[in-house]
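Down below is the structure, laid out as structure tokens.
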Amino acid sequence: MVELIILLILGIIIILYRRNPGENVYKFFVTTVSDAYDKYAPYSFKTVRAKAKELGQEYSTRQYISQIVLFAGFAGVVAYLYFYNILISVLYAVVAISFIPYLAYLRCQRIYSEFIFEQIETYTTNVIMEFNTTQSFVKSLEGVRDSGIIEEPVLGDLKKMIDMSYQNGTIDESIDYFNKKYPFYMVKNMHQLFFQITKEGARDAGQSLENMALDIDALVEGVYRDQMDRKQFHGKFIKFGLALFFLILAVQYMYGTERYIELLDIWYVRIILHAIIIINALFLLKGEKYYNEDVGVE
């Protein structure tokens, strides 16, 4: 069976090479996969990956290859220690590699959410500063728009917010649009304050805005502290999760390797071992999901 799989892989490589003479097979394979990804990947995946590339934080081809080798090697070694079967090791290695795109998405999502949070922080802080000069919410938005400190996609939504304010003659709909697009507490709180100032008036708008700026600073500090705590937790979590896989060595030490291999002939023992690997892997994936998602949400 193992020989058949190897022959199939070699056959695919030969076919690709004969169909693309003079072209590096690896380069052709990578290009084909990239084209398929660009065509069928979810829009959100494309968006966050494009922003990660723009920020210079997307992995290079070499880094992805290193990831593939690392994942395949680790999964293969772990599976062999559990089952002493080359075919099962190969299957687990392939399954491990198949999760790399999902992990890449989580990582890009974290980078994207951190970028959006920084943009929203910049937006709220500068709108308050502009209002102290213009005493007009829409003029404050225009000042932030023209300052060049806001980037896409927030810049496009800011422009739409300004256009909606002029078209409707009121800030109600534009505020509602931006709040739904970026549901951060500091955005909602700031917009609510400006809504009250614009609609109801305020005896001491300057003091209210100053207090709002202090609240935003406190929120931002709390988010950045949470990010640092997550990063420290993430390192410890990964080490702990990987160590769990090797508890099987303790079992083999207690029973002896030969006795352990004899136990593998029992069907329910094999099922238990598969369950242990799957549960540990899901445990790690859940931790990765927690670390990479909802960054910047207060």
Side-chain angles (χ1 to χ4, degrees), residues 1-14 16 25-27 29-30 33-34 37 58-110 230-293:
M1 190 67 180
V2 177
E3 290 81 1
L4 178 60
I5 294 175
I6 295 173
L7 288 174
L8 286 173
I9 294 173
L10 290 174
I12 292 172
I13 293 174
I14 292 172
L16 290 176
V25 175
Y26 166 74
K27 183 179 179 181
F29 177 76
V30 171
V33 172
S34 297
Y37 162 79
E58 166 67 329
Y59 281 161
S60 65
T61 302
R62 179 176 296 181
Q63 287 174 311
Y64 275 119
I65 292 174
S66 300
Q67 245 188 344
I68 290 172
V69 172
L70 183 63
F71 274 57
F74 180 82
V77 169
V78 168
Y80 189 78
L81 288 175
Y82 274 71
F83 301 101
Y84 289 94
N85 185 301
I86 295 178
L87 177 58
I88 293 178
S89 298
V90 171
L91 291 176
Y92 269 104
V94 171
V95 171
I97 292 173
S98 68
F99 278 97
I100 290 178
Y102 175 68
L103 295 175
Y105 169 67
L106 289 179
R107 179 179 172 276
C108 289
Q109 188 179 50
R110 173 174 56 82
R230 285 189 186 208
K231 188 174 182 179
Q232 292 178 354
F233 164 79
H234 181 248
K236 296 178 181 178
F237 175 81
I238 292 298
K239 292 177 182 178
F240 175 72
L242 295 178
L244 289 177
F245 285 106
F246 293 101
L247 290 177
I248 195 65
L249 294 176
V251 176
Q252 294 185 32
Y253 176 78
M254 289 187 295
Y255 280 91
T257 304
E258 293 183 1
R259 172 59 179 159
Y260 175 81
I261 293 176
E262 292 176 1
L263 291 175
L264 293 177
D265 293 331
I266 304 175
W267 65 271
Y268 60 81
V269 171
R270 294 196 299 273
I271 291 177
I272 292 173
L273 292 176
H274 282 297
I276 291 173
I277 293 178
I278 293 171
I279 291 172
N280 284 348
L282 292 176
F283 175 68
L284 280 172
L285 282 175
K286 186 175 181 181
E288 281 295 306
K289 190 170 183 292
Y290 166 78
Y291 172 66
N292 288 288
E293 286 189 338

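These values consider heavy atoms only, across backbone and side chains, with no hydrogens, waters or symmetry-generated copies. What you see is a predicted model, and the numbers here were worked out from it, not measured in a lab.
- No more than 12 heavy-atom neighbours from other residues, nucleotides or ligands sit within 6.0 angstrom of CZ on F240.
- Aromatic ring orientation, Y291 versus H234: parallel (interplanar angle below 30°, classes split at 30° and 60°).
- Here F246 contributes atom CZ and N280 contributes atom CG; the two are 11.0 Å apart, rounded to the nearest 0.5 Å.
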Requested in this report: Determine, step by step, whether H274 and F83 satisfy the ring pair (Phe, Tyr, Trp, His ring centres under 6.0 Å) criterion, reporting the C-alpha distance in whole Å, the side-chain angles of both residues, the deciding distance to 0.1 Å, and the verdict.
Outcome: CA-CA 9 Å; H274 282 297; F83 301 101; 4.2 Å; yes
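- Within the cation-pi definition used here (under 6.0 Å to the ring centroid, within 45° of the axis), R230 qualifies as a partner of Y290.
- Heavy atoms of other residues, nucleotides or ligands lying less than 6.0 angstrom from CD of E258 number 12 at most.
- In this structure, Y82 OH and S89 OG are separated by 12.5 Å, a value rounded to the nearest 0.5 Å.
- Taken to the nearest 0.5 Å, the CG atom of L285 stands 6.5 Å off from the OH atom of Y102.
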Query - Criterion side chain to side chain contact (heavy atoms under 4.5 Å, CB included) on Y80 and I88, from CA distance to verdict - result: CA-CA 7 Å; Y80 189 78; I88 293 178; over 6 Å; no
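- When all heavy atoms of A93 and A75 are compared, the pair lying nearest together is CA-CB, 3.9 Å.
- With a 4.5 Å cut-off on side-chain heavy atoms, T257 and I261 count as touching.
- Side-chain contact check for L282 versus K286: every heavy-atom pair is 4.5 Å or farther apart.
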Query raised in the report: Could you walk me through whether I277 and L273 pass the side chain to side chain contact (heavy atoms under 4.5 Å, CB included) check?
Result: CA-CA 6 Å; I277 293 178; L273 292 176; 5.8 Å; no
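- Formation of a donor-acceptor pair under 3.5 Å by the Y260 side chain with backbone atoms of Y253 is not found in this model.
- Of all non-hydrogen atoms in I68 and I97, the two that sit nearest each other are CG2-CD1, 3.7 Å.
- F245 pairs by the ring-ring contact (aromatic ring centres under 6.0 Å, His included) definition with F74, not counting sequence neighbours.
- In this structure, CD on Q109 lies 8.0 Å from NZ on K289, to the nearest 0.5 angstrom.
- Under a cut-off of 6.0 angstrom, the local environment of OH in Y255 is sparse, with at most 12 non-hydrogen atoms contributed by other residues, nucleotides or ligands.
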Report task. Might you work through the side chain to side chain contact (heavy atoms under 4.5 Å, CB included) test for L242 and L284, ending with a clear yes or no? Result -> CA-CA 8 Å; L242 295 178; L284 280 172; 4.0 Å; yes
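- Heavy-atom minimum distance, R270 versus L264: NH1-O, 2.8 Å.
- Between V95 and F99, the closest heavy-atom pair is O-CD1, 3.2 Å.
- The two residues N292 and R107 have their closest heavy-atom pair at OD1-CA, 3.7 Å.
- With rounding to the nearest 0.5 angstrom, the CD atom of Q63 is 12.5 Å from the CG atom of L70.
- The two residues Y92 and A79 make their nearest non-hydrogen contact at CD1-CB, 3.7 Å.
- Put simply, the side chain of V94 does not reach to within 4.5 Å of the side chain of L91, judged on heavy atoms.
- Remark: Y64 pairs with E58 by the side chain to side chain donor-acceptor pair (under 3.5 Å) rule, at least two apart or across chains.
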